[in-house]
Amino acid sequence: MPYEHLLVSVHGEGPLKTGLVQLNRPKQMNALNDRVMDELGAALLAFDQDESIGCIVLTGTDKVFAAGADIAEMADYDFIKVYKANFISRNWETLGRVRKPVIAAVAGYALGGGCEVAMMADFIIAADTARFGQPELTVGLVPGAGGTQRLPRAVGKAKAMDMVLTGRMMDAAEAERAGLVSRVVAADELMQEVLSAADTICGLGMPSVMLAKECVNRAFEGALSEGLTYERRMFHALFGTEDQHEGMDAFLAKRTPQFKHR
Ligand code: CAA
């Protein structure tokens, strides 16, 4: 399948290889719209079903992993539209259905939905240039793809509240200290490090690799579904507010937002 916004390739010499999926929408900072997420889901599922693939790596460009959901596309959405479409559930949760290991290789910005997609991977290896953040409140929303649920599980409540409520970014060193990423390496060594980790996984037995992934996930998924449903409804509700339109219009016009409900 030809992809408009992804580059897809296969790496490794052993019997099992690594499928690499690269987000490639650089002019929009890899902003995640329906097309990107449909393609991403299709590419991930194709590798998941391919018996020659043992591990999947998801990455972006040197400058940006992904700057979040596409604000230009969401700016005119309203509550009815996003509620009826169950907006972002349809094609954002595919990553969670992948049974083979997925490593996120993050350089540059991983913000909003970009940070959330990275957190849906099984682990994150970051370049020293990586910046993580959940800035949704600055455009009048709350995180809508699991950020309020997965970030506290990764870094604890205090840091998650700090990140979500202030919208500040965390650099790679802080992200490693906080447990959001498993390793930090120099930017020019990122892909080598990640593909080497993926190759190690490809050298193991797939049933135990896949079962180990299921087991570790069990440790985190107790009440997650409730949290995600609740989060999505809050995300939908915010499309009914003036502040969401103001936040997104201001972003697109490159001006400071004048939020009404302070
Ligand atoms: N959606 C749409 N377009 C985006 C975008 C996004 N999330 N992020 C960046 N862009 C676009 C910009 O509008 C700009 O387009 P033009 O060249 O046409 O003006 C282009 O990408 C380059 O961006 P900047 O000029 O802003 O680049 P910068 O280097 O100065 O800043 C940045 C980079 C810090 C990532 C900044 O672009 C930024 O803050 N982006 C928005 C981040 C954000 O708020 N993400 C959350 C989105 S909401 C969400 O994700 C909901 C959810 O939970 C699922």
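Quick note: numbers below take in every heavy atom, side chains included, and nothing from hydrogens, waters or symmetry partners. Atoms within a ligand are numbered from 1 in the order they appear, just like the ligands themselves. Please read all numbers here as calculations on a predicted model, not as lab measurements.
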- Message: What I want to find out is whether Arg99 reaches Glu214 closely enough, with some N-O distance under 4.0 Å, to be called a salt bridge.
- Response: yes

- Task: Under 4.0 Å, heavy atoms only, figure out whether ligand 1 is touched by the backbone of Lys27, its side chain, both or neither.
- Result: backbone

- Note: heavy atom closest to atom 33 (C) of ligand 1, options Arg25, Arg131, Met29, Met37, belongs to Met29

- Are the charged groups of Glu39 and Arg25 less than 4.0 angstrom apart, N to O? no

- Query: Looking only at protein heavy atoms, which one is nearest to atom 24 (P) of ligand 1, and how far off is it?
  - Reply: Lys254 NZ, 4.8 Å

- Message: Quick check: Phe87 with Phe235 (ring centres under 6.0 Å apart)?
- Response: yes

- Is atom 7 (N) of ligand 1 in close reach of the protein, with a heavy atom under 4.0 Å away? yes

- Item | Under-4.0 Å protein heavy-atom contact, atom 1 (N) of ligand 1 | yes

- Item | Nearest protein heavy atom with distance in Å, relative to atom 13 (O) of ligand 1 | Phe251 CE2, 3.6 Å

- Task: Return the residue, atom name and 0.1 Å-rounded distance of the protein heavy atom closest to atom 42 (C) of ligand 1.
- Result: Ala67 O, 3.4 Å

- Asp48 bridged to Arg97 by N-O distance under 4.0 Å: no

- Message: Protein heavy atoms near atom 18 (O) of ligand 1, is at least one of them under 4.0 angstrom away?
- Response: no

- Message: Determine whether any protein heavy atom is located less than 4.0 Å from atom 30 (O) of ligand 1.
- Response: no

- Which atom of Arg153 lies closest to which atom of Phe220, heavy atoms considered: NE-O, 3.0 Å

